[in-house]
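Have a look at the structure below before the remarks.
Please read all numbers here as calculations on a predicted model, not as lab measurements.
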Number of protein chains: 2
Amino acid sequence: MHRFKISSREKDTFNITGEELHHLTHVVRLECGAKVMGFDNSGGQWVGVIEELARDSACCRIVEEEFPDVEAKARVYLVMGLAKGEKMEWVIQKGTELGMAGLIPLRTKRSVLQLEGAKARDRVVRWQRIAAEAVKQSHRVIEPEIMEVADWTQLKGLLPAETQWLIPYEDEKTHSLKEVLQGYEPRYPIAVLIGAEGGFAPEEVAWAEEKLQARSVSLGPRILRTETAALAALVMALAYFGDLG
Amino acid sequence: MHRFKISSREKDTFNITGEELHHLTHVVRLECGAKVMGFDNSGGQWVGVIEELARDSACCRIVEEEFPDVEAKARVYLVMGLAKGEKMEWVIQKGTELGMAGLIPLRTKRSVLQLEGAKARDRVVRWQRIAAEAVKQSHRVIEPEIMEVADWTQLKGLLPAETQWLIPYEDEKTHSLKEVLQGYEPRYPIAVLIGAEGGFAPEEVAWAEEKLQARSVSLGPRILRTETAALAALVMALAYFGDLG
């Protein structure tokens with residue numbers, strides 16, 4: 001069944017509008033009587049039958065309501081140093097499937113990709129679309145927050161005060177991610193800081209340790225690309241708290 | 001320091017030939033006196049100084065020998081249903097960085113990509129190149145085995161008899177990967193079977209359970225793309241046995 005993000009919901013009906021409506025009418029070409037699955041980021045999903053197809057809205061009669069146990073319990077955020085090419089796109093796509101709670105694109109000293117102003121906002125919109133698609137593909141019912149491109153000094157304000165910060169760092173030889181997770185509370189958010197292509201500058205790691213009380217951790221002896229490190233850390237954190245089966 | 005796969009090694013020297021030599025002379029353009037790192041899939045690596053640059057070989061004097069603790073202890077193989085587009089490429093690249101022992105491309109009922117004969121062999125050669133590059137990038141010293149495209153009936157012969165087989169399957173609701181790993185021996189190889197785009201056909205899962213004693217496992221409630229499932233299972237297996245920090 002095709003899945004759509006719904007724009008409004010009453011007791012017995014929900015509405016699909018905007019881009020989602022365009023997708024329904026012009027891409028998958030559904031007509032009255034067709035069944036669709038709607039979600040609204042509240043955690044529920046609703047099977048609806050298309051009753052009315054107007055130019056600006058599709059009205060669907062709700063025939064089934066579900067609150068599927070599909071979202072991860074642990075709230076793991078990725079904070080990604082801006083990386084070139086398709087790296088961000090695919091971390092967002094795969095990270096959404098796996099169950100990340102959100103992603104913050106971060107300007108770092110060694111980021112080759114520079115994003116400011118309108119260019120940054122356009123890119124974030126594109127990333128949000130990729131996440132929205134991945135939510136449907138993976139049958140999640142809550143979209144991860146893909147936040148605006150941030151600087152180091154803004155980070156603390158973007159996540160709850162209880163957030164537990166991790167920073168994989170190749171010079172960290174003592175403490176493993178696994179070991180540090182043992183001291184972390186699944187009921188508070190976890191944010192994993194991932195460097196761009198060149199990794200983090202030592203002063204950035206020091207800043208995160210001091211200002212965010214981030215724990216620097218090792219992901220093992222092999223050098224991982226930024227996108228590989230991001231997904232590995234996400235999988236390890238979600239798996240540790242039982243969110244990957 | 002640039003890393004090269006060496007073709008032969010004496011007590012005090014090693015030689016770089018073929019494609020590796022071409023890369024040394026024409027791509028990174030090194031000359032006599034330059035230091036290079038050589039590896040030969042034996043587990044060691046050697047720092048050498050280029051002493052002689054001939055048309056068919058570069059002879060390097062060994063100035064340092066190391067046996068770095070960089071390879072994963074657990075030997076985890078991915079058996080990937082042939083998938084379209086760049087999916088195989090990137091599982092091979094990322095899987096190599098993470099520390100997989102090898103990959104077997106598998107013809108499955110629902111594989112859209114069909115590879116036979118010369119076409120299959122050419123593709124495998126390309127995949128082996130991608131793995132070789134990822135070995136250098138991640139500073140591994142042993143290349144993963146990227147095997148020929150196989151059919152189900154060939155699988156058993158390709159890995160040791162003690163191999164412990166896992167098959168993530170979306171209809172498996174009871175047993176998680178994590179739980180099944182608890183019964184597995186890190187000293188024996190682990191092979192994870194990953195379906196192509198359409199997943200495995202039920203009869204393929206039944207065959208793997210009967211003929212390979214594969215345990216079907218759940219990767220959680222979210223639907224993962226084939227390439228995401230492959231990396232998630234690999235990370236979980238390597239992390240479980242302490243190979244990712």
Side-chain angles (χ1 to χ4, degrees), chain A residues 3 68-73 86-87 90-91 93-100 134-141 168-170 172-181 216-245, chain B residues 3 68-73 86-87 90-91 93-100 134-141 168-170 172-181 216-245:
Chain A
R3 304 174 78 87
D69 184 21
V70 72
E71 293 294 327
K73 311 282 165 295
E86 292 179 320
K87 297 187 189 79
W90 94 228
V91 167
Q93 182 189 65
K94 275 49 179 170
T96 299
E97 292 170 45
L98 288 162
M100 72 175 178
V135 160
K136 295 176 185 176
Q137 187 272 338
S138 61
H139 293 194
R140 286 183 66 174
V141 290
Y169 185 45
E170 57 186 86
E172 173 60 55
K173 306 294 181 195
T174 321
H175 302 291
S176 70
L177 174 56
K178 218 174 169 183
E179 170 202 336
V180 170
L181 283 172
S216 68
V217 295
S218 164
L219 294 179
R222 294 169 292 283
I223 313 290
L224 303 178
R225 284 184 170 80
T226 174
E227 66 275 24
T228 313
L231 287 199
L234 178 64
V235 167
M236 288 170 77
L238 289 170
Y240 182 82
F241 292 115
D243 281 316
L244 281 170
Chain B
R3 305 174 78 86
D69 183 22
V70 72
E71 293 294 327
K73 311 283 166 294
E86 294 178 320
K87 297 186 189 80
W90 93 233
V91 167
Q93 182 189 64
K94 275 49 179 168
T96 299
E97 293 170 45
L98 289 163
M100 72 175 178
V135 160
K136 295 176 184 175
Q137 187 272 339
S138 61
H139 293 194
R140 286 182 67 173
V141 291
Y169 185 45
E170 56 187 89
E172 173 60 56
K173 306 294 181 197
T174 322
H175 303 290
S176 70
L177 175 57
K178 218 174 169 181
E179 170 202 337
V180 170
L181 282 172
S216 68
V217 295
S218 165
L219 294 179
R222 293 167 293 283
I223 313 289
L224 303 178
R225 284 183 170 81
T226 174
E227 66 274 27
T228 312
L231 286 199
L234 178 64
V235 167
M236 288 169 77
L238 289 170
Y240 182 81
F241 293 116
D243 280 316
L244 281 169

May I ask you to name which of B:K94, B:H139, B:E227, B:M236 has the most heavy-atom pairs under 4.5 Å with chain A?
B:K94
Among the options B:L177, B:V235, B:I223, B:L219, pick out the one with the most heavy-atom pairs lying under 4.5 Å from chain A.
B:I223
Heavy-atom proximity to chain A below 4.5 Å, by part of [X]:
{"X": "B:E71", "result": "backbone"}
{"X": "B:R222", "result": "both"}
{"X": "B:A72", "result": "both"}

Top residue by heavy-atom pair count (under 4.5 Å) with chain B, among A:P221, A:S138, A:A239?
A:S138
Of A:L231, A:D69, A:L224, the largest count of non-hydrogen pairs under 4.5 angstrom with chain B goes to A:L224
Residue pair B:T228 / A:L98, side-chain heavy-atom distance below 4.5 Å:
yes
For atom CD of B:E170, decide whether the heavy atoms of other residues, nucleotides or ligands shown that lie under 6.0 angstrom number more than 12.
no
Is the number of heavy atoms from other residues, nucleotides or ligands under 6.0 Å of A:E86 CD greater than 12?
no
Shortest non-hydrogen contact from B:E172 to B:S218?
O-CB, 3.2 Å
What part of A:R225 is in contact with chain B, defined as an atom under 4.5 angstrom from a non-hydrogen atom: side chain, backbone, both or neither?
both
When you measure from the side chain of A:Q93 to the backbone N and O of A:G95, does any donor-acceptor pair fall under 3.5 Å?
no
Does the A:K73 side chain pair with the main chain of A:F241, one donor and one acceptor, at a distance under 3.5 Å?
no
